[in-house]
Amino acid sequence: MDEINVSIEGGESQRLPKGISAGEALERLRKKKGIPAVAAKINGELFDLSKPLEQDCTIEPLNQNNEKALEILRHTASHVMAQAVQSLYPEAKITIGPAIENGFYYDFDYPETFSVEDIPKIEAKMQEIIQQASPVLRRELDRQEAIQVFTERDETYKVEMLEEMEEPVVSVYGQDDWLDLCRGPHLVNTSEVKAFKLTGVAGAYWRGDERNPMLQRIYGTAFFSKKDLKRHLQLLEEAKKRDHRKLGKQLDLFHVSDEAGPGLVIYHPKGALLRHIIETFEKEAHLRRGYQMVSGPQLLKTEMWKQSGHFENYRENMYFTEVEGQSYGIKPMNCLAHMLIYKSAIRSYRDLPIRYFEMGLVHRHEKSGVLHGLTRVRQFTQDDAHLICTPEQLNDEIKGVIDFALDMLELFGFEYEIELSTQPEKRIGTDEDWERATVALEKALIDKQIPYTICAGEGAFYGPKIDILLKDALNRRWQCSTIQCDFTLPERFDLTYIGPDGGKHRPVMLHRTLLGSMERFLGVLIEHYAGAFPTWLAPVQAIILTVTDRHQSYGEELYKKLLNNGIRVEKDLRNEKLGYKIREAQLQKIPYMLVVGDREVEAAGVSPRRRDGKDLKLMEVADFVELVREENAVADSIFAIA
RNA sequence: GCUGGCGUAGCUCAAUGGUAGAGCAGCUGAUUUGUAAUCAGCAGGUUGCGGGUUCGAUUCCCAUCGCCAGCUCCA
């Protein structure tokens with residue numbers, strides 16, 4: 001028999017029979033059995049374990065603990081699910097079914113609708129398929145041959161995909177009599193799918209386009225062990241407890257009323273206070289970084305929105321009203337007034353850069369199905385700014401904004417992802433301007449060595465943008481900071497500055513937000529802290545808890561003293577047991593509970609109990625005030641400019 | 001906007017083709033309490049809104065509004 005030379009990555013090589021499977025070769029070459037392999041990298045390229053080795057090569061196992069391995073497992077699980085669905089509902093047609101973050105899905109075209117009641121049936125069928133331990137086989141077919149195969153199976157979506165493909169040869173994967181067009185790789189046997197669960201059904205447009213027919217998507221997740229699956233499901237449970245809509249109610253921060261209207265947030269005292277704290281701090285930070293505060297009107301004549309291009313490109317998201325025969329648009333963005341302020345005087349190059357900052361309230365008509373708690377609403381306040389500068393200053397200005405944004409997110413302890421979005425189909429401005437703007441943004445990211453992904457065609461209609469995304473408790477990403485480069489509006493509104501040469505020049509404009517919308521940020525922030533805000537942010541920093549009625553007057557005295565020292569304090573002087581009051585304060589996630597009884601009255605002090613349960617012992621009132629002041633100071637770091 | 005699910009007291013949730021119940025919260029009283037729920041009593045709902053089927057609907061059907069998950073879109 002012919003032999004080939006196979007070496008394991010970072011190990012020795014062996015003569016093995018030609019045609020041996022990658023999995024078998026790994027078995028022989030690996031000294032320690034250790035973690036099972038899921039797939040193999042052959043000369044650096046990923047293949048199924050069943051791949052026969054035909055010539056000398058280097059091989060490397062892809063172990064179960066690898067992130068990529070989970071993807072392969074989930075992809076195979078999605079195939080098993082599709083097989084189960086087609087076996088139960090033969091009319092269902094397969095479309096696509098990839099692994100996604102935390103799981104997988106498969107989209108079907110099926111005339112009836114899958115309901116949650118179908119899930120257990122499908123799961124049972126999947127279990128059956130897994131128990132049959134069928135080998136997952138790969139075959140390569142000539143594309144025309146594949147079209148014929150899928151035509152015979154009446155898999156019209158697969159045929160459509162094949163017809164659009166260019167490759168002459170395609171691969172198909174299948175087990176038993178089930179078959180799918182697929183690149184792979186896959187697990188070698190259905191029995192390898194050891195722990196899975198179907199998590200939901202939902203509609204999804206074919207190829208993600210709302211003009212296409214809606215398919216039915218079934219979501220699931222899979223792990224290599226039941227233990228991992230269980231842990232994942234527990235994490236989901238935990239995440240639900242952090243949901244800002246739930247915490248918003250529990251902590252009495254805000255509500256959304258169907259009487260008032262969907263997507264319109266109503267802030268209760270503590271929610272409004274929380275916003276006040278963040279906004280005041282942000283205003284101060286902007287002033288210290290050379291921004292000027294401005295404020296524009298809520299409605300501007302529709303003529304202006306036509307001039308800016310919003311009417312043309314953003315009309316369906318805007319609210320309009322008519323006053324004395326004159327049409328007005330309620331602002332969905334703050335930029336227009338800022339440009340008018342710029343234009344209210346002749347500007348010199350010596351004045352630039354100019355940075356206008358506004359806590360601007362905007363309205364956007366969002367489609368009803370997208371509204372979501374605080375994170376997707378129809379009226380929101382942006383920490384918005386427009387920076388107007390010379391083209392030469394652009395790079396530094398972008399970098400300055402990135403620094404500011406990242407300093408801010410660091411203060412709150414967020415992890416984030418950065419995206420660079422390029423020109424969309426619907427846009428204004430010339431290709432050259434778009435190119436210049438895109439390069440400017442990208443160069444700033446490269447200069448700062450910040451990793452980012454490019455989202456082609458995702459830019460705003462007036463310019464490309466850098467977005468910073470934060471994750472909510474359920475790992476959904478929300479765009480908060482955004483930096484948008486704009487050469488178009490200065491053109492449309494004829495913004496100019498006088499250069500050193502005495503001539504008129506065209507400035508460049510940056511639109512940017514740091515936290516984005518205050519409501520969205522608040523939503524993400526609530527989930528980030530699970531409602532337990534750090535002292536500097538907590539709407540209520542401390543609560544006075546009296547032990548009995550006879551401590552009430554001291555409680556009142558202490559309350560006034562702390563209020564006078566700028567501490568956000570509440571009092572619970574009710575005739576209730578201490579344990580009851582502590583429980584309530586704990587559920588309200590108040591950082592400090594100040595227990596006041598005979599000892600405290602006698603010493604004229606306080607005994608703070610921290611939210612984490614730690615008892616700080618009796619201390620002077622002044623010392624407690626100092627303690628809170630120190631915690632308040634963490635936000636000062638943001639004021640220092642590097 | 002689309003697909004599917006859901007809508008019962010302030011909150012969390014029961015129940016049934018024969019005109020709705022619990023816990024918590026609220027109110028009243030008792031209790032005077034030291035680190036996560038003191039006890040008792042009272043009160044609280046045109047079962048989202050509007051139609052229809054039925055002797056009778058909260059339950060079944062239709063429409064509508066809202067919410068939830070996902071898709072599309074976006075801060």
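Just so we're on the same page: letters track the sequence lines, and every chain starts at 1. The shown structure was predicted, so the numbers you read here are calculated from the model rather than taken from an experiment.
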Under the criterion side chain to side chain donor-acceptor pair (under 3.5 Å), I'd like the reasoning laid out for Y267(A) against E519(A): C-alpha separation, chi angles, the key distance, then a yes or no. CA-CA 10 Å; Y267(A) 290 93; E519(A) 4 293 278; 2.8 Å; yes

Establish whether the base of G5(B) is bridged to the side chain of E117(A) by a donor-acceptor pair shorter than 3.5 Å.
no

Q | Between U8(B) and C68(B) - P atom distance, rounded Å | A | 14 Å

| query | For the residue pair H286(A) and F404(A), does the interplanar ring angle fall in the parallel (under 30°), tilted (30 to 60°) or perpendicular (over 60°) class? | reply | tilted

* Asked: Donor-acceptor pair under 3.5 Å: do we get one between E366(A)'s side chain and the base of A75(B)?
  -> yes

Q) With sugar-phosphate meaning primed atoms plus P, OP1 and OP2, does G369(A) contact a base, only sugar-phosphate, or nothing at under 4.0 Å between heavy atoms? A) base

* Asked: Are F380(A) and A75(B) stacked, counting the six-membered base ring, centres under 5.5 Å, planes under 30°?
  -> yes

Problem set entry | Donor-acceptor pair present, R376(A) side chain and C73(B) base, under 3.5 Å | yes

* Asked: Which part of the nucleic acid, if any, lies within reach of V201(A) when heavy atoms closer than 4.0 Å are counted: base, sugar-phosphate only, or nothing?
  -> nothing

task: Taking atom C1' in both C74(B) and A14(B), compute the distance separating them and give it to the nearest angstrom.
output: 40 Å

(Q) What I want to check is whether an N or O donor and acceptor connect the side chain of Y205(A) with the base of G1(B) at under 3.5 Å. (A) yes

Rounded to whole Å, CG of L618(A) lies from C1' of G34(B) at a distance of 13 Å

U32(B) versus C49(B) - spacing of their C1' atoms, nearest Å:
50 Å

To the nearest angstrom, the CG-P distance between L371(A) and C73(B) comes to 16 Å

When rounded to whole Å, the CD to P distance for the pair E458(A) and C73(B) reads 7 Å

By the Watson-Crick or G-U definition, both distances under 3.5 Å, G45(B) is matched with none

As its Watson-Crick or G-U partner within any shown strand, both distances under 3.5 Å, C39(B) has G29(B)

Parallel, tilted or perpendicular for H363(A) and Y319(A), by the 30°/60° rule? perpendicular

Worksheet entry | U12(B) phosphate, OP1 or OP2, under 4.0 Å from K246(A) side-chain N/O | no

Quick one: is R245(A) getting a side-chain N or O under 4.0 Å of the C68(B) phosphate, OP1 or OP2? yes

As its Watson-Crick or G-U partner within any shown strand, both distances under 3.5 Å, U3(B) has A69(B)

In whole angstroms, the gap separating P of G10(B) from NE2 of H268(A) amounts to 14 Å

Quiz item: Any luck finding a side-chain donor-acceptor pair between T381(A) and R275(A) under 3.5 Å?
Solution: yes

Whole-Å P distance, U16(B) and U54(B)
25 Å

To the nearest angstrom, the CG-C1' distance between D252(A) and C11(B) comes to 11 Å

Take atom P in G5(B) and the same atom in A9(B), then report the distance between them in whole Å. 23 Å

From the list K581(A), R574(A), K571(A), H551(A), side chain to side chain donor-acceptor pair (under 3.5 Å) partner of T546(A) resolves to K581(A)

In Watson-Crick or G-U wobble terms, with both distances under 3.5 Å, the base opposite A15(B) is none

Checklist entry - For Y580(A) and U32(B), is the shortest distance between a side-chain N/O and OP1 or OP2 below 4.0 Å? => result no

Rounded to whole Å, the CG-P distance (D243(A) to C11(B)) equals 16 Å

Test item: side-chain donor near acceptor, Y89(A) and D118(A), under 3.5 Å: yes

